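To keep things clear, I will list the structure first and then write my remarks on it.
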Amino acid sequence: MRTRRSLIDLSDLAAGEIDEIFERTKYFESTRPSRSLEDVACVNMFFEHSTRTMTSFTLAEQRLGANVITIWPSQSSLAKGETIEDTAITLGAMGIQVLVIRHPEDGFPARVALAFDGHVVNAGDGTHAHPTQALLDLYTLREEFGELNGRTVAIVGDVEHSRVARSSVHGLQALGADVVLVGPAGFLASDFMPGKARIERDFDAVLRVADAVVVLRIQRERFATMPLSNDEYVARYQLNGKRLKTMRPHAIVMHPGPYNRGVEIDESVLEFAGWRYAKQVMHGVGIRMAVLDFLVNRDRAVAR
Ligand code: NCD
């Protein structure tokens with residue numbers, strides 16, 4: 001029986017466990033580097049481009065004292081025809097205990113978790129899930145507002161192709177926030193995650209009531225044709241200086257990154273007092289330390 005826990009999506013965590021990870025995050029952000037992953041070997045395998053997620057997982061592992069190995073998929077034996085399952089078996093036999101994986105296919109990390117005798121952490125799979133990004137977004141919101149009950153969080157833009165949005169909706173719901181999804185029909189079907197979030201088309205109306213707005217990138221690598229013209233998108237959904245002025249005085253703006261200036265946001269957002277992007281990125285390291293420590297050391301305690 002497989003005993004080691006993986007993190008494929010937020011549904012793998014009970015609400016109390018999310019709090020447990022947040023407590024660990026706070027601890028790791030306020031203390032010197034810990035050695036709680038000393039002698040634990042971690043492999044990072046990213047089959048898709050990444051800057052923030054890859055760097056922060058690497059930093060998190062290093063700060064916990066782990067042995068960190070990066071495998072570039074195109075330079076690995078996968079290029080010689082080895083399957084990912086056989087790669088996972090091979091790494092497990094070498095004593096690798098943690099595999100952090102990003103892949104364009106939905107369900108890929110879950111498939112690897114079936115073959116790998118260790119912890120798999122999903123660093124983003126297709127449009128399916130991105131649990132550590134959702135956790136760091138939730139953490140940033142909690143830091144800002146405390147409890148999220150009664151708070152309205154809007155997620156705006158290309159929701160359809162966003163794994164961040166899917167994971168965040170689960171997490172926000174679990175923590176009691178009201179979630180509003182906003183976008184044109186081509187980026188947000190009217191039956192998207194039914195029962196979990198309200199769907200709105202009018203960004204201006206939502207901006208007047210939201211406590212937090214999460215802006216998404218148009219994920220052009222995931223579809224062939226734009227469902228509306230660039231100009232139309234910008235006119236209806238770009239967060240710009242004029243729209244910022246209509247927001248509630250305490251409201252904040254978040255973005256998982258990478259952001260595209262001139263598309264989903266204009267330059268004035270980067271100067272806005274409520275822009276929390278840097279905080280999100282900063283918490284990304286602590287959250288990933290907490291997740292790794294939670295998976296590995298809880299498991300160790302159980303195994304003893
Ligand atoms: C996101 C991703 O890869 O899903 N980025 C990230 O991890 N911070 C969002 C995106 O690529 O737009």
Side-chain angles (χ1 to χ4, degrees), residues 7-10 25 44-61 70 73 100-110 120-141 153-172 181-184 186-188 192-193 212-223 226-227 230 233-234 237-239 253-265 269-270 275-292:
L7 180 66
I8 304 300
D9 201 353
L10 282 199
T25 303
N44 302 318
M45 277 186 109
F46 280 57
F47 294 78
E48 260 189 2
H49 298 149
S50 174
T51 299
R52 278 147 287 267
T53 308
M54 169 75 131
T55 307
S56 57
F57 265 111
T58 305
L59 266 180
E61 292 157 356
T70 303
V100 177
I101 298 192
R102 167 171 288 193
H103 197 279
E105 195 183 301
D106 290 24
F108 190 89
V120 173
V121 187
N122 181 4
D125 62 328
T127 61
H128 171 239
H130 194 347
T132 57
Q133 180 69 43
L135 285 169
L136 74 90
D137 289 350
L138 292 172
Y139 189 85
T140 306
L141 286 163
V153 180
I155 304 179
V156 184
D158 180 9
V159 178
E160 198 67 44
H161 304 105
S162 175
R163 51 195 176 208
V164 176
R166 284 183 179 77
S167 286
S168 293
V169 169
H170 284 301
L172 285 164
L181 303 175
V182 192
F187 283 158
L188 176 61
F192 189 90
M193 297 180 84
V213 178
V214 179
V215 187
L216 300 173
R217 180 177 66 92
I218 298 177
Q219 293 138 89
R220 295 177 201 267
E221 70 279 17
R222 301 199 198 290
F223 60 88
M226 270 287 278
N230 249 332
Y233 184 82
V234 167
Y237 295 106
Q238 184 190 70
L239 186 56
V253 178
M254 296 167 45
H255 194 308
Y259 50 79
N260 289 151
R261 297 175 190 220
V263 187
E264 72 274 15
I265 56 167
V269 174
L270 307 173
W275 175 236
R276 293 289 178 269
Y277 171 74
K279 280 233 160 140
Q280 292 173 265
V281 174
M282 190 261 286
H283 291 317
V285 178
I287 280 287
R288 289 174 175 121
M289 289 172 80
V291 163
L292 293 163

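All ligand and atom numbering here is 1-based and tracks the order in the structure. Keep in mind the model is a prediction, meaning the values are calculated, not measured.
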- Item | From the candidates Gly284, Gly257, Ala123, the one that places a heavy atom nearest atom 5 (N) of ligand 1 |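 That would be Gly257.
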- Option with minimal heavy-atom separation from atom 11 (O) of ligand 1, where the choices are His161, Arg166, Arg217: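 Checking each option, the heavy atom nearest atom 11 (O) of ligand 1 is found in Arg217.
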Which ligand 1 atoms does [X] reach within 4.0 Å, using its non-hydrogen atoms?
X	result
His130	2 (C), 4 (O), 6 (C), 7 (O)
Val164	1 (C), 4 (O)
Thr53	6 (C), 7 (O)
Pro258	10 (C), 11 (O)

- Task: Test Leu7 against every option in Val291, Asn122, Val100, Leu292 by the side-chain contact (heavy atoms from CB on, under 4.5 Å) rule and name the one that passes.
- Result: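 Option passing the side-chain contact (heavy atoms from CB on, under 4.5 Å) with Leu7: Val291.
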- Query: Any nitrogen or oxygen of Arg163, main chain or side chain, under 3.5 Å from a nitrogen or oxygen of ligand 1?
  - Reply: yes
- Gln133 N/O to ligand 1 N/O under 3.5 Å: yes
- If you measure only the distance, is there a donor-acceptor pair under 3.5 Å linking the side chains of Thr140 and Arg276? no
- Query: Does a side chain donor of either Arg102 or His49 reach within less than 3.5 Å of an acceptor in the other side chain?
  - Reply: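 Per modelled atom types, Arg102 and His49 side chains form no pair under 3.5 Å.
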- Message: Please list the nearest protein heavy atom to atom 8 (N) of ligand 1 with its residue and the distance rounded to 0.1 Å.
- Response: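 Atom 8 (N) of ligand 1 sits closest to the protein heavy atom Pro256 O, 2.9 Å.
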- Message: Run Phe187 and Leu216 through side chain to side chain contact (heavy atoms under 4.5 Å, CB included) and show every step you take.
- Response: CA-CA 11 Å; Phe187 283 158; Leu216 300 173; over 6 Å; no
- Message: Within this structure, what is the CZ-CZ distance for the pair Phe47 and Phe108, rounded to the nearest 0.5 Å?
- Response: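 CZ of Phe108 is found 4.5 Å from CZ of Phe47.
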- Ring geometry between Trp275 and Tyr277 (parallel below 30°, tilted from 30 to 60°, perpendicular above 60°): parallel
- Can Glu48 be said to touch ligand 1, with heavy atoms closer than 4.0 Å?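 Under 4.0 Å: no for Glu48.
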- Message: Between Glu160 and Asp158, is the side chain to side chain contact (heavy atoms under 4.5 Å, CB included) condition met? List the steps.
- Response: CA-CA 6 Å; Glu160 198 67 44; Asp158 180 9; 4.1 Å; yes
